[in-house]
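Within every chain, numbering begins at 1; the chains are lettered A, B, ... in the order of the sequence lines, protein sequences first and strands thereafter. All heavy atoms count here, side chains included; hydrogens, waters and symmetry mates do not.
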There are 2 protein chains.
Amino acid sequence: MGKIDLKKLGLKVTLPRLKVLAILERNQREHLSAEDIYKALLESGEDVGLATVYRVLTQFEQADILNRHHFAEGHSVFELNQGEHHDHILCVKCGEVDEFTDEVIEARQDAIAKEMGFEITHHSLYLYGICSACQKK
Amino acid sequence: MGKIDLKKLGLKVTLPRLKVLAILERNQREHLSAEDIYKALLESGEDVGLATVYRVLTQFEQADILNRHHFAEGHSVFELNQGEHHDHILCVKCGEVDEFTDEVIEARQDAIAKEMGFEITHHSLYLYGICSACQKK
DNA sequence: CAAACAATGAAAAAACTTCTCATTATTATT
DNA sequence: AATAATAATGAGAAGTTTTTTCATTGTTTG
Ligand SMILES: [Mn+2]
Ligand SMILES: [Mn+2]
Ligand SMILES: [Zn+2]
Ligand SMILES: [Zn+2]
């Protein structure tokens, strides 16, 4: 988990990029939308445009320092790439998001792709359900 | 695979609903967007509004006669519910979509949800990669 | 510190989907 | 077959999320 070096990624070191990165680092366990990040910037008194937030997030995604997810919400959410891959399970009642990794599933995915002649690049797996807290209500 | 009875689903039997259904039935193996369906209607000389296509698709989804998918494209695609569940593998080069089912993955998903205290309702699994045809180019 | 060029903010536009509302169609009931 | 009750429709406006445009500003290199 070394510090992220924008210069090494071919990105100029600008205030907007550093600020967005700081917000993502400060919210490691969260899954933030572009709007969330934009609002956080405004609250910190930073003068960054929403278009820039979108641009920077796309660049970070291409540089593989963060992951974009499409939960069943209509907008993208982002989280810093924490090294080890993980998948997500979401509560359809309260929106809670938990993370998991399963080696059996990962292995089967690779096997299936191979069987079907695909060279797999990535995957997205989301489980939806009702969390234990919401079941009790 | 009995004929779909709109009346039994609590939906009035209207021309737009029948036409949309016909297009979906005629394209069982495809994954069509609302726009695709709208264009197909126009080409058949049908006078159906795009808003109606969206409305009807949402109603069909709620009636559980079709499934909505969010591939990495920015818009929803739909396919008639063919009884047995399946997941998807997509080519990032040419857009080809193939289908598969894996009992091991299905079982692990249920087990994971249970372990994490969730009552699972559904899931979405998409594998992305390069198909065999595109690898040869 | 100057030149070269990349990044930015603001606003417009694009892409997709939903909403509003006046009109029309369907259904159940005569 | 006509009626009344009500649900569905088409057109366009509007809502959401994201991208593009472009004049201005900032970063980097030498
Ligand atoms: Mn996560
Ligand atoms: Mn399918
Ligand atoms: Zn919950
Ligand atoms: Zn391909």
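As a whole-Å value, the separation of B/L32 CG from C/dC16 P is 15 Å. Atoms CG (B/L18) and P (D/dA8) sit 13 Å apart, rounded to a whole Å. Taking atom CG of B/L6 as the reference point, atom C1' of D/dA7 lies 14 Å away to the nearest angstrom. Rounded to a whole Å, the CG atom of B/L9 is 13 Å from the P atom of C/dT27. Atom CG in A/L41 sits roughly 12 Å away from atom P in C/dT8 (whole-Å rounding). Between A/E73 atom CD and D/dT17 atom P there is a gap of 10 Å when expressed in whole angstrom units. Rounding to whole angstrom units, CG of residue B/D47 and C1' of C/dT24 are separated by 12 Å. With rounding to whole Å, A/L42 atom CG is found 14 Å from C/dA10 atom C1'.
With sequence neighbours left out, the salt bridge (charged side-chain N to carboxylate O under 4.0 Å, His left out) criterion links A/E25 to no other residue. Listed by chain and number, the residues in a ring-ring contact (aromatic ring centres under 6.0 Å, His included) with A/H31 are A/F71, A/H88 (sequence neighbours excluded).
Residue B/S33 is out of contact with every strand shown, counting any heavy-atom pair closer than 4.0 Å. Base contact: A/T52 has a heavy atom under 4.0 Å from a base atom.
If you chain together hydrophobic residues whose side chains sit under 4.5 Å apart, B/I4 and B/V48 fall into the same group.
Listed by residue number, A/Y54, A/R55 are the residues of residues 53-71 of chain A with a heavy-atom contact under 4.0 Å to DNA chain D.
If B/S76 and B/L11 are placed on DNA chain C by their nearest nucleotide, the residue sitting closer to the 5' end is B/S76. Heavy-atom distances to DNA chain C give each of A/L15 and B/K7 a nearest nucleotide, and the one nearer the 5′ end belongs to A/L15. Residue B/R17 is the one, among A/G74 and B/R17, whose nearest nucleotide of DNA chain D lies closer to the 5' end (criterion: closest heavy atom).
Between B/T14 and D/dT9 there is a side-chain polar atom (N or O) within less than 4.0 angstrom of OP1 or OP2.
Listed by first and then second residue, the salt bridge (charged side-chain N to carboxylate O under 4.0 Å, His left out) pairs involving residues 104-132 of chain A are A/R108-B/D102 (not counting sequence neighbours). Evaluation of the salt bridge (charged side-chain N to carboxylate O under 4.0 Å, His left out) test over residues 61-71 of chain A, restricted to residues two or more places apart or in two chains, returns A/E61-A/R68.
Considering all non-hydrogen atoms of both residues, B/C91 and B/C134 come closest at SG-SG, 3.8 Å. Shown here for A/V53 and A/A34, the closest heavy-atom pair between the two residues is CG1-O, 3.7 Å.
Proximity of a side-chain donor or acceptor of A/S33 to a complementary backbone N or O of A/V77 within less than 3.5 Å is not detected. B/E30 contributes no side-chain N or O that, together with a main-chain N or O of B/F78, makes up a donor-acceptor pair within less than 3.5 Å.
Comparing the start and finish of the helix from C/dC1-D/dG30 to C/dT30-D/dA1, five pairs each, the helix axis swings through 40°, to the nearest 10 degrees.
Nearest nucleotide to the side chain of A/V13, out of C/dT17, D/dG10, D/dT28: D/dT28. Set against D/dT18, C/dC5, C/dC19, the side chain of A/L50 has D/dT18 as its closest nucleotide. The side chain of B/P16 lies closest to D/dG10 when the candidates are C/dT26, D/dT18, D/dG10.
Residue B/Q82 holds its CD atom at 11.0 Å from CG of B/L66, rounded to the nearest 0.5 Å.
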